[in-house]
Amino acid sequence: MISVVVFFYNGEQFVEQCMANIVNQTIGIENIEVVAVDDASTDSTAQQLEIWEEKYPGKIKVIRKKINSQKAKDSNRLCGIEAATGDYILFLDQDDYYEPDAFEILAGLIKEHPDLDYIEYSFNYTDLDGNVFYEQRMSEPGFHIYTIDTEEERIAYTQKNILPGATFTWTKIYRKNFLTENRIRDNAGDEKTKFTDNYFSGLLALYCKRIGKYNKPLYNYRNYIGSDSHSSHKNDEKQFERCKVAIAFQNECIRRGIMKDQFIMIEYLFARAFLMKTFWRFLFLFDPIPYEKLRYIQNYIFKEYPNIKENPIMKNIPWFQELFQFLDKPWTDECINQIYKSKKQKYEEKGTSFNIFLGR
């Protein structure tokens, strides 16, 4: 059975479509378990979910949190994982939805390959009305399986962008035992932050042994102004927590005693969240530019990872190479302004949207 964990908070306008999308999957509701985690909503979300729970007893269960996750130190995702009884788990946000046959397709792949730790699939970016404006596909068509027996193979697959893949947690179906046995989870407690996908996906990339990649969009991600997860809000201070989640991930790797054996992977995964996913956002989405935050990034990286430019994974990634060109220069206000002007001009000349990258 497949368990889908759905996260709700003040999503009364989405409950009907979200739940209907799940129960009407072509695989049939009898093969699905829905765990709806209501994050102490103050609108009618909880009441609507209770109606669905009564309509499908034993198939839909609602976890009613009394304290919102903004104030609590627990993890909504871990609550959902612990409540789920299926052998495989999916994660869904309240305003997103699956393709009608998504579960049937994934169930077929699981049946053929029950030993996979997870299967990653492609997805669509849509607007609020569900109109697709960008299709996120993998480099290779069809379905492929990758086995990771050595750390050298893990690094090689990361160099090819097979790992970690998209860091969103909702781009995959997971074998539950794999998650629980390896303690794949969000950062919680005193180190709780926003952007926990980076923490979760980092651990995923370090522990997976056998994975599948399916190059067909099965998930529709609404990325729109007004969405809490939208990445293009101006002067959004929660963006600074991308640095905090990277440090929390680093600290967890230290606690697990895996820094030495998996240093190359950890250095890359840290830099991906701490540098690559922050630098351009801080540069383009803040007015004025947070110069001190950028200098903090530079100083922290050289303190913790002084040889980062030699990392064999990042040597093959253009975004990192572009940053490395000026990483060891003094990041004065003037230097940062020059970087901003140069990058902005390149995008204007190409006529491309920088927001697509920001949304990844």
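All residue numbers in this chain count up from 1 along the given sequence. Bear in mind that the values here come from a model prediction, so they are computed numbers and not experimental data. Side chains included, hydrogens not; waters and symmetry mates left out as well; all remaining heavy atoms used.
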message: Looking at every non-hydrogen atom in both residues, tell me the closest pair between R175 and L116 and how far apart they are.
response: NE-O, 3.3 Å
query: Looking at A166 and K172, what are the two nearest heavy atoms and their distance?
result: O-NZ, 2.6 Å
query: Side chains of D39 and S69: donor-acceptor distance under 3.5 Å anywhere?
result: yes
- prompt: Quick one: which of E112, H113, K213 gives a side chain to side chain contact (heavy atoms under 4.5 Å, CB included) with F143?
  reply: H113
- request: Would you tell me whether Q70 and K192 have side-chain atoms, one donor and one acceptor, within less than 3.5 Å of each other?
  value: no
- line: Given the options R64, K59, K61, E53 meets salt bridge (charged side-chain N to carboxylate O under 4.0 Å, His left out) only with R64
Contacts of Q25 that satisfy side-chain hydrogen bond (donor to acceptor under 3.5 Å, both in side chains) - sequence neighbours left out: none
field: T196 and N187: side chain donor to acceptor below 3.5 Å
entry: no
- prompt: Excluding sequence neighbours, so at least two apart, what forms ring pair (Phe, Tyr, Trp, His ring centres under 6.0 Å) with F263?
  reply: Y305
query: Do T169 and R77 get their side chains close enough for a donor-acceptor pair, meaning under 3.5 Å?
result: yes
- request: Return the minimal non-hydrogen interatomic distance between Y296 and C243, and the atom names on each side.
  value: CE2-CB, 4.5 Å
task: Identify the heavy atoms of Q94 and F8 that sit nearest to each other, and give their distance.
output: OE1-CA, 3.2 Å
message: Measuring from atom CE of M314 to atom CE of M276, what distance do you get when rounded to the nearest 0.5 angstrom?
response: 10.0 Å
Those residues that, when tested against E181, pass side-chain hydrogen bond (donor to acceptor under 3.5 Å, both in side chains) (two or more places apart): none
- prompt: Just by modelled atom types, is the E12 backbone N or O under 3.5 Å from a matching donor or acceptor in the D43 side chain?
  reply: yes
field: Smallest separation among heavy atoms of E241 and K194, with atom names
entry: OE1-N, 2.8 Å
query: Among side-chain atoms of R210 and T147, is any donor-acceptor pair under 3.5 angstrom?
result: yes
